[in-house]
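Below is one structure, written out as structure tokens; the observations come after it.
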Amino acid sequence: MSFFEKLNHAIAHNQSLLVVGLDPNPEMMPKRYSTGEYSGDLMDGLKDWLHVIIQQTADLVCAYKPTYGFYKALGAPGLNLLEQTLAAIPDSIPIILDAKHGDLNTSTVFAETIFTRSRVDAVTLSPYSGQDHVAPFLIYPGKAVFILCCTSNPAAVAIQQYPQPQTPLYLQVVKEAKTWGAPEDLALEVGTTSPDVLAKIRAIAPERLILARSIWAEGGAELTQILAAGLNANGEGLLIPVPQDMLATEEPAAAIQPLREEINQARRQKIQQGSTCELWMPDVCFLEQHPHQDLILQLYDMGCILFGEFVQASGAVFPYYIDLRKVISNPQLFHLMLSAYAEILQDLTFDRIAGIPYGSLPTATGLSLRLHHPMIFPRKEVKAHGTRRVIEGHFEPGETVVVVDDILISGKSVMEGAAKLETGGLNVQDIVVFIDHEGGVKDRLRDNGYQAHSVLTISEITQTLYQAGRITQEQFQAFNHSVE
Ligand SMILES: O=C(O)c1cc(=O)[nH]c(=O)n1[C@@H]1O[C@H](COP(=O)(O)O)[C@@H](O)[C@H]1O
């Protein structure tokens, strides 16, 4: 039986959305397993405690969740204890190993160990190594992964809310993770005390199972609010952890039963509120994603694309400003950008590459080294002493030069540069820029005898930023009005 079948069966049979953590944490172990008449050692105490929890809760929960870290921390006896604990869990209850595994190099062996040599049905994973890390776990039919989307740790806010609270990274993790696996294979782990966070995730992932965490932290919201935000319209899709302190009592079942009923009450209400049965449609469409989406988003996040009112060199006011000069300080991004230029240059015929100073000299240098074509450049201002050269670098008159520049606004800078190269007897046909401001600038260049190529247009950039939630509707509309 697959993880999801087992889970659904356990939910229906035990009428429960509760998950019990089976954590051999010596600090949480009740004193009765180490003092008084108890004669065993620490490992015996932990084992007996966990076994009692399983016996008491097997008809009250829909899954068990052993935290791998607690077992590892106990060394070899701890790993032995994990096996004993898993063996004590009834076959009908699925096991989610809480490993938060995040290392790409060990993903294949770890997946094989837990899914073929133990009774684990699902595992929690960190999202930071991306799909490559998750794929080795998803090749096991019937097994599932839970992707950690956010945690409730206050210090994590700086990362999870980046770059801004309206478009936080944790929601991007959810959107991205949805493309890695089907709802039956890939669920989400959400640590939060905030119903708002759960509601945002539920809104973009209505079809995903969510394993809630940290909901019992002090100062957190009421359980009813958490349930209202996280349950789907069918009163399902949310797994609720049993509070740790309930597991330390002598009769965990007595404390858990009312909690189970409270949750079921909220589930019934949710079902009554929704009059229709929800049909989930996947919102993943790879065709719509811009091929340079990553590059565009990174440029924006680095502050190379700014929205607001900016006066341009021409005196005109645009609702944006592009400053690509910063890219050289981010080698990984610069590399991506050079690859995008190189894709265009490889289809052109030329002897040398010329960069327009100053902004495009690093680009021309990078392309020259990458494509093994010599570089030259027209000087911005000609020196009044020395060689008084207009063009720096070696060239032969009659050669063909491809000109590279950052952005075409009116085309003035690039045409001035090309004209200087032509005074040296060079031919300029092709001009390659990163961004085309549009508004007919390519036609203007064509009228002057140049063929202009661009990696991106400003419309593609704003459309991508808007779709990714980086810019607001107002910013997007301001841009659209400016080009009307
Ligand atoms: O000054 C500008 O107009 C300008 C606006 C902008 O958003 N980004 C930008 O880089 N620029 C500068 O404008 C140059 C191109 O403008 P044109 O010569 O009008 O095509 C670029 O090479 C930049 O030096």
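Treat the numbers as computed from the prediction; the structure is a model and nothing was measured. Read the numbers this way: they start at 1 and go in the same order the structure lists the ligands and their atoms.
Counting protein heavy atoms only, atom 14 (C) of ligand 1 is closest to Ser413 OG, 3.8 Å. The nearest heavy-atom contact from the protein to atom 3 (O) of ligand 1 is Ala313 N, 3.1 Å. Of the protein's non-hydrogen atoms, the one nearest atom 19 (O) of ligand 1 is Ser410 OG, 2.5 Å. Ranking protein heavy atoms by distance to atom 13 (O) of ligand 1, first place goes to Ile409 CG1, 4.1 Å. For atom 10 (O) of ligand 1, the closest non-hydrogen atom on the protein side is Ile407 CG2, 3.2 Å. At the shortest separation from atom 11 (N) of ligand 1 among protein heavy atoms lies Tyr321 OH, 3.8 Å.
Of the possible donor and acceptor atoms, none in the side chain of Thr151 sits under 3.5 Å from a partner among the backbone N and O of Gly191. Looking at Asn234, its side chain never comes within 3.5 Å of a backbone N or O of Glu236 through a donor-acceptor pair.
Any N or O atom pair closer than 3.5 Å counts here, and Ile322 shares at least one such pair with ligand 1. Not one N or O of Val414 is nearer than 3.5 Å to an N or O of ligand 1, by distance alone.
Between atom 21 (C) of ligand 1 and the options Leu445, Asp406, Ile305, the minimum heavy-atom separation is to Asp406. Nearest to atom 23 (C) of ligand 1 by heavy atom, out of Gln312, Arg325, Glu416, is Arg325.
Side chain to side chain, Ser459 and Glu438 meet the donor-acceptor criterion of an N or O pair below 3.5 Å. Inspection of the Ser454 and Lys442 side chains reveals an N or O donor paired with an N or O acceptor under 3.5 Å. For the residue pair Ser126 and His133, no side-chain donor N or O sits within less than 3.5 Å of a side-chain acceptor on the partner.
Using a 4.0 Å cut-off between a side-chain N of Lys or Arg and a carboxylate O of Asp or Glu, Arg444 and Asp447 do not qualify as a salt bridge. Between Glu416 and Lys412, at least one side-chain N (NZ, or NE/NH1/NH2) sits under 4.0 Å from a carboxylate O, which counts as a salt bridge.
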Evaluate Ser339 against Arg370 for side-chain hydrogen bond (donor to acceptor under 3.5 Å, both in side chains), listing each step before the verdict.
CA-CA 9 Å; Ser339 303; Arg370 188 182 282 209; 2.8 Å; yes
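Contacts of Leu408 with ligand 1, taken as heavy-atom pairs under 4.0 Å, involve the backbone alone.
Using a 4.0 Å heavy-atom cutoff, Gly411 is listed among the residues neighbouring ligand 1.
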